[in-house]
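Throughout, a chain's letter reflects where its sequence line sits, starting with A, and its residues are numbered from 1.
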Number of protein chains: 2
Amino acid sequence: MDLPPLTVAAHVMLGHFALRDWTPYELAREMRRNICFFFPRAQSQVYSEPPRLAARGLLVAREEVTGRRRRTVYSITPEGRAALAAWLAAPPAKGPELEAEPIARVMFGPFGCDDDLRQAVASVHASGRRLCETAHRICAEYQAGRAPFQTHIRHRALLHDFLTSFGILMEEWAVRSAARIDAWERENPGEQTEAARRLIAASTAPWRRADLPASAVAAARRGAEAGALSPSRRRRPPARGTRT
Amino acid sequence: MDLPPLTVAAHVMLGHFALRDWTPYELAREMRRNICFFFPRAQSQVYSEPPRLAARGLLVAREEVTGRRRRTVYSITPEGRAALAAWLAAPPAKGPELEAEPIARVMFGPFGCDDDLRQAVASVHASGRRLCETAHRICAEYQAGRAPFQTHIRHRALLHDFLTSFGILMEEWAVRSAARIDAWERENPGEQTEAARRLIAASTAPWRRADLPASAVAAARRGAEAGALSPSRRRRPPARGTRT
DNA sequence: ATATCAATAGTCCGATCCGGAGTAAATGGC
DNA sequence: GCCATTTACTCCGGATCGGACTATTGATAT
């Protein structure tokens with residue numbers, strides 16, 4: 001019986017069950033204040049995935065009752081923990097990806113008016129603000145020592161760093177861009193083009209290729225070699241993805 | 001005939017057809033060097049969407065022949081341009097979203113080994129590097145004045161700023177985090193916790209709420225008011241999304 | 001005691017979207 | 001004249017979305 005491999009989403013759920021037991025409802029709530037910022041899934045998935053994981057023996061379900069209402073609590077099995085560890089040891093299938101509708105609106109800005117653009121920029125600002133505020137709240141929890149998984153603080157700190165950086169990026173980009181759009185009203189086309197050219201040059205400027213420490217490079221190479229052998233070998237080329 | 005509203009992906013395609021005519025094949029290639037960084041879609045979508053848009057009268061198709069091979073070129077119609085403008089005037093459905101498998105791996109890092117973590121970090125670094133290199137190439141095209149849509153440089157500059165910032169974020173986060181993981185080998189648990197606590201505080205520190213200029217705030221409010229009235233009214237609450 | 005509301009705990013389903021495999025003609029280099 | 005690459009699609013199963021729907025429980029107000 002050669003079951004299809006688990007999806008990334010399935011492994012992410014499995015990871016949550018490695019932390020503690022959850023009912024799908026609890027897990028959905030938890031994911032709204034965490035994962036949703038870097039790996040969002042629909043609520044319906046949180047209900048449909050655990051039964052599938054249970055069917056493979058990676059989770060076990062138990063029914064509980066409150067009055068006349070039942071709820072299903074899932075726990076991870078040793079096989080589940082093994083599957084999670086195996087996934088973590090394999091190289092990531094893909095890097096971080098953005099899905100940014102407001103940025104697409106900026107791209108097609110020339111077909112709308114400047115207020116449409118300001119609106120898109122404001123929505124990026126709002127997202128950045130939300131993310132920073134959440135991160136700030138979580139930061140306070142860790143400082144006070146009452147965050148849910150204190151023992152994982154080493155790892156959570158890296159996570160927090162990434163998310164906060166991204167939140168700040170969104171807020172600051174929005175502020176810069178809104179100012180730029182306002183400036184268009186005071187500039188003639190030649191000045192606008194010149195300013196745009198300068199902005200393009202300035203964005204790229206701070207990029208001084210920073211390399212990883214040797215340890216990380218070595219780990220990645222080992223992972224890639226191990227990962228390249230286990231799954232069914234590709235046909236001809238190293239198969240660049242089909243995403244456009 | 002009340003057709004279901006177009007998806008965001010459909011509008012993004014429509015936007016491309018506002019730029020010029022494309023065959024799906026050409027468009028797929030174009031999207032691989034642009035949109036894929038902030039609004040990735042599968043190649044199959046690039047073939048299936050244009051016929052649907054054509055059925056609504058937003059595009060027109062024409063067949064061309066090269067030898068005995070046919071290709072389908074799509075052009076936008078006036079109705080298509082109107083639909084695009086209407087979409088741009090409506091408030092964005094959602095803010096920028098991340099989908100970052102490697103970051104999820106960091107979250108569940110405690111269930112794997114440190115080399116798994118280094119691998120995940122390296123994949124973020126590689127993504128950042130790819131994005132920065134692409135941005136750098138595009139920057140050179142604009143400075144040389146031979147980029148494809150020079151007339152949109154005002155808008156493209158904002159785009160470029162966002163993407164470059166994100167690329168730099170990924171690279172720098174990866175370098176910081178790899179160094180942190182290496183440091184764990186020289187630290188005892190107490191020191192690790194202390195360093196994690198400091199990192200959490202330090203990430204949040206640079207966040208000094210920056211507000212948008214009044215013009216952007218006003219534009220967003222107008223958009224929200226207009227947008228809240230047009231689509232079919234929601235039942236009870238302002239309907240928070242079903243994403244977890 | 002009762003109406004009301006928010007939170008709890010799900011189910012269901014159509015439409016969308018992914019991603020990979022497969023086909024086949026045109027082109028360029030040797 | 002052959003081969004690899006690029007062009008130009010087509011197809012399909014399975015994953016995913018997201019919104020509507022049901023119904024119970026517990027707290028708050030009347």
Query raised in the report: Do B:Trp87 and B:Leu6 come within less than 4.5 Å of each other through their side chains, counting heavy atoms only?
Result: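 No, every pair of side-chain atoms sits at 4.5 Å or beyond.
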**Report entry** Any side-chain heavy-atom pair of A:Val121 and A:Trp173 under 4.5 Å
**Finding:** yes
Requested in this report: Report yes or no: do A:Arg62 and A:Ser75 form a side-chain donor-acceptor pair below 3.5 Å?
Outcome: yes
Residue [X], side-chain heavy atoms: nucleotide from [options] that is nearest:
| X | options | answer |
| --- | --- | --- |
| A:Arg29 | D:dC9, C:dT8, C:dA26 | C:dT8 |
| B:Arg71 | D:dC9, C:dA26, C:dC18 | D:dC9 |
| A:Thr66 | C:dG10, D:dG26, C:dA25 | D:dG26 |

Query raised in the report: So, does the side chain of A:Arg69 form a donor-acceptor pair with the base of C:dT8 at under 3.5 Å?
Result: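 Yes, a donor-acceptor pair under 3.5 Å.
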Protein-nucleic acid N or O pairs under 3.5 Å, nucleotides 11-13 of chain C:
unit_1	atom_1	unit_2	atom_2	d
C:dT11	OP1	A:Arg70	NH2	3.3

**Report entry** Side-chain ion pair, A:Glu26 and A:Arg20, N-O less than 4.0 Å
**Finding:** yes
Report task. Please check the phosphate of C:dC18 (OP1 and OP2 only) for any side-chain N or O of A:Lys94 closer than 4.0 Å. Result ->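 No.
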Query raised in the report: Just to confirm, is there a sub-4.0 Å distance from OP1 or OP2 of D:dT7 to any side-chain nitrogen or oxygen of B:Tyr25?
Result: yes
**Report entry** Where B:Gln119 and A:Gly223 come nearest, the two heavy atoms and their spacing
**Finding:**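 Distance-wise, the nearest heavy atoms are OE1-CA, 3.3 Å.
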Requested in this report: Locate the shortest heavy-atom distance separating A:Leu117 from A:Val106; write the atom from each residue and the value.
Outcome: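 Taking every non-hydrogen atom into account, CD1-CA, 3.8 Å.
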